[in-house]
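Labels below follow one simple rule: chain letters A, B, ... track the order of the sequence lines, proteins then strands, and each chain is numbered from 1. Quick caveat: nothing in here was measured; it's all calculated off a predicted structure.
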Number of protein chains: 2
Amino acid sequence: MKTQKRDAEASKRAIITHAIALFSEKGYASASMDELAKRCGLNKAMVFYYFKNKKGLYEAVMQEVLDQIQEAVMEENKTHTRPKDELAGFIRTYAKFACEHPYLPALLLKELSDSGAVVPDMLFGSMRKLFALFSDILKRGEEQGCFEDAVPMILYFMVLGTLNLMVTTKPLRLKAAQLDDIALDTCAECDIDEIADYIVEKMMYMLKEKNR
Amino acid sequence: MKTQKRDAEASKRAIITHAIALFSEKGYASASMDELAKRCGLNKAMVFYYFKNKKGLYEAVMQEVLDQIQEAVMEENKTHTRPKDELAGFIRTYAKFACEHPYLPALLLKELSDSGAVVPDMLFGSMRKLFALFSDILKRGEEQGCFEDAVPMILYFMVLGTLNLMVTTKPLRLKAAQLDDIALDTCAECDIDEIADYIVEKMMYMLKEKNR
DNA sequence: TATAATTAACCAACCAGTTAATTGATTAGA
DNA sequence: TCTAATCAATTAACTGGTTGGTTAATTATA
């Protein structure tokens, strides 16, 4: 593998990689294509050469990110059989991924807070699969009698909402912990695994209220 | 009350009102001050006359919105004494307000997904009070033995995350319900009160796992 | 030589913010 | 009560900088 002066694949990948970081830092509107090109060390025209639009690039970014989290969760899911373990695995895997790739929560919250203003069509195309898995776990859990009264859509957003917010607000919570009186615990020290475990535990209580 | 050609208070109020709508629709960066002025039927310079900056206006907007939700929740809270009722009231009141004023979830999610990039200082100044109330309810609940093992920060984001996402994604979920196969229930028909009731119910199960 | 990758220079549209002049209401003085 | 002065509210026109996007020429590779 010799280092060429020209490598289309490498350029394209560099653009996507830096675009993920930039979009999640600044948001769609504030992300400048000039700055992106500068970060990549490429000419700005390259961005439009490989991706038609800013919007086209953003779609590619969202696709990439959603594919990544999807694959991580789906792959982990194979290692379980019982719905309870599947649910716990889903939550812990999402939490771990979100913590290691903090652009995911940032991008997702921004997109969802607009009801997918930028990429409405593809958003629930890609997100549907994750939700379908989550929904299926709960459904099978109910059939097998280990879950009760599950409303997948609400519970899905409960898991994603809590985890995404805990990840994105971490800097804010750290700052608050320093300034604030001691009375309020902002959970600044908690690491993501503890948080995930807590959510898993509480989720189990929620879903099997009677049969214990 | 005669209709004057000049009314400073009315102009200022018009700017804030339309700014709330505009910021929550477009986000901070994409909200144009030219368009804002056009929506208000005022000259653009008026915006900078009453509020120094775009940022200054945005801060005023966030202050207004956070004050509104705060007052609504605080006021309702006075009607209860038992922590369980207080918690239920908190959730239902926030849900109702968020549904009737959908700009709140949009603005809040956008701001939190940046860890308060635009107005970091004032954000947790204003949000702290709401969280302090929530935290206090749980604490008193634990002292009185009706709640167990509560981690206020996580539970707070669980409530806000779920409700805010359910409100902002409503159009998306409605659209998905039409296109999607029937297998996936996106909760498109649920109204906010049902959702709030569900969360309250599940929350209660979470918080009193042993003593029932 | 043909083609894919890369570049510099450019453009019109839009942006937040300014300025200096103008208009309307309020008030003080006669 | 009329008027002149004062001050707050409002405006049109402008600015310098940035934006997404284009184009035509140039380079490297096969």
Side-chain angles (χ1 to χ4, degrees), chain A residues 1-62 107 110-111 114 117-120, chain B residues 1-62 107 110-111 114 117-120:
Chain A
M1 190 189 292
K2 56 185 173 185
T3 43
Q4 297 174 129
K5 284 198 173 180
R6 297 190 169 191
D7 186 340
E9 214 52 47
S11 298
K12 203 171 176 180
R13 190 155 288 266
I15 293 175
I16 285 213
T17 304
H18 287 92
I20 290 179
L22 190 62
F23 278 130
S24 61
E25 283 172 30
K26 311 270 184 112
Y28 177 77
S30 296
S32 150
M33 306 315 260
D34 286 86
E35 190 186 341
L36 173 61
K38 212 167 288 171
R39 286 195 189 186
C40 297
L42 295 172
N43 190 283
K44 183 171 66 149
M46 297 298 290
V47 176
F48 299 91
Y49 179 68
Y50 288 114
F51 311 87
K52 282 165 259 176
N53 281 339
K54 183 181 187 180
K55 192 181 159 191
L57 171 62
Y58 183 72
E59 283 184 19
V61 161
M62 290 301 289
L107 286 171
K110 273 170 196 140
E111 198 58 32
D114 284 329
V118 188
V119 281
Chain B
M1 191 189 294
K2 58 185 172 185
T3 41
Q4 296 173 129
K5 283 200 173 178
R6 297 191 170 191
D7 187 340
E9 215 52 46
S11 298
K12 203 171 176 180
R13 188 153 288 267
I15 292 174
I16 285 214
T17 304
H18 286 94
I20 290 178
L22 190 62
F23 279 130
S24 62
E25 283 171 30
K26 310 271 185 112
Y28 178 77
S30 296
S32 151
M33 305 314 261
D34 285 86
E35 190 186 342
L36 173 61
K38 213 167 287 171
R39 286 196 190 188
C40 298
L42 296 171
N43 190 284
K44 182 173 63 150
M46 297 299 290
V47 176
F48 298 91
Y49 179 68
Y50 288 114
F51 311 87
K52 283 164 257 176
N53 282 340
K54 183 180 186 180
K55 192 181 161 191
L57 171 62
Y58 184 73
E59 282 183 20
V61 161
M62 289 302 288
L107 287 171
K110 274 170 195 141
E111 198 58 33
D114 283 328
V118 188
V119 282

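Candidate nucleotides dT7(C), dA5(C), dT23(C) were compared by shortest atom distance to the side chain of Leu42(A), and dT7(C) ranks first. Considering only the side chain of Met33(B), dA16(C) comes nearest among dT22(D), dA16(C), dA8(D). Here the nucleotide nearest the side chain of Tyr50(A), chosen from dT6(C), dA16(C), dA9(D), is dT6(C). Among dA16(C), dA5(C), dT10(D), the nucleotide with an atom closest to any side-chain atom of Ser32(B) is dA16(C).
The salt bridge (charged side-chain N to carboxylate O under 4.0 Å, His left out) pairs that include a residue from residues 42-54 of chain A are Asp34(A)-Lys44(A), where partners are two or more places apart or lie in different chains.
Using a 4.0 Å heavy-atom cutoff across all strands shown, Ala31(B) reaches sugar-phosphate atoms only and no base atom. Among the protein residues, Met46(B) comes within range of the nucleic acid bases, having at least one heavy atom under 4.0 Å from a base atom. Using a 4.0 Å heavy-atom criterion, one finds that Phe51(B) contacts no nucleic acid atom at all.
For the atom pair CG of Leu22(B) and CZ of Arg39(B), the computed distance is 4.5 Å after rounding to the nearest 0.5 Å. To the nearest 0.5 Å, the span separating OG on Ser30(B) from CD on Glu25(B) amounts to 11.5 Å. A distance of 13.0 Å separates CG of Leu42(A) from OH of Tyr49(A), quoted to the nearest 0.5 Å.
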I'd like a list of close polar pairs between nucleotides 8-12 of chain C and the protein, N/O only, cut-off under 3.5 Å.
| residue | atom | partner | partner atom | Å |
| --- | --- | --- | --- | --- |
| dA8(C) | OP2 | Asn43(A) | ND2 | 3.4 |
| dA8(C) | N7 | Asn43(A) | ND2 | 3.1 |

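For the segment residues 9-21 of chain B, no residue has any heavy atom less than 4.0 angstrom from an atom of DNA chain C.
In this structure, Tyr49(A) does not reach the dT6(C) phosphate: none of its side-chain N or O atoms is under 4.0 Å from OP1 or OP2. Neither OP1 nor OP2 of dG20(D) sits under 4.0 Å from any side-chain N or O of Asn53(A).
Between Lys38(B) atom NZ and dT11(D) atom P there is a gap of 14 Å when expressed in whole angstrom units. Computed from coordinates, the Phe48(B) CZ to dT18(C) P distance equals 7 Å when rounded to whole Å. Atom CG of Asp34(B) and atom C1' of dC14(C) are 8 Å apart (whole Å). To the nearest angstrom, P of dT10(D) lies 6 Å from CZ of Arg6(B). Rounded to whole Å, atom P of dT18(C) lies 14 Å from atom NZ of Lys54(B).
The side-chain heavy atoms of Phe23(A) and Met62(A), taken from C-beta on, include no pair separated by under 4.5 Å. Contact check for Arg13(A) versus Glu9(A): no side-chain heavy atoms found under the 4.5 Å cut-off. Ile16(B) places a side-chain heavy atom less than 4.5 Å from the side chain of Phe51(B).
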*Start with the C-alpha gap between Lys12(A) and Ile15(A), add the side-chain angles, then the distance that decides, and say whether side chain to side chain contact (heavy atoms under 4.5 Å, CB included) holds.*
CA-CA 5 Å; Lys12(A) 203 171 176 180; Ile15(A) 293 175; 5.8 Å; no
*asked:* Under the criterion side chain to side chain contact (heavy atoms under 4.5 Å, CB included), I'd like the reasoning laid out for Tyr28(B) against Glu111(B): C-alpha separation, chi angles, the key distance, then a yes or no.
replied: CA-CA 9 Å; Tyr28(B) 178 77; Glu111(B) 198 58 33; over 6 Å; no
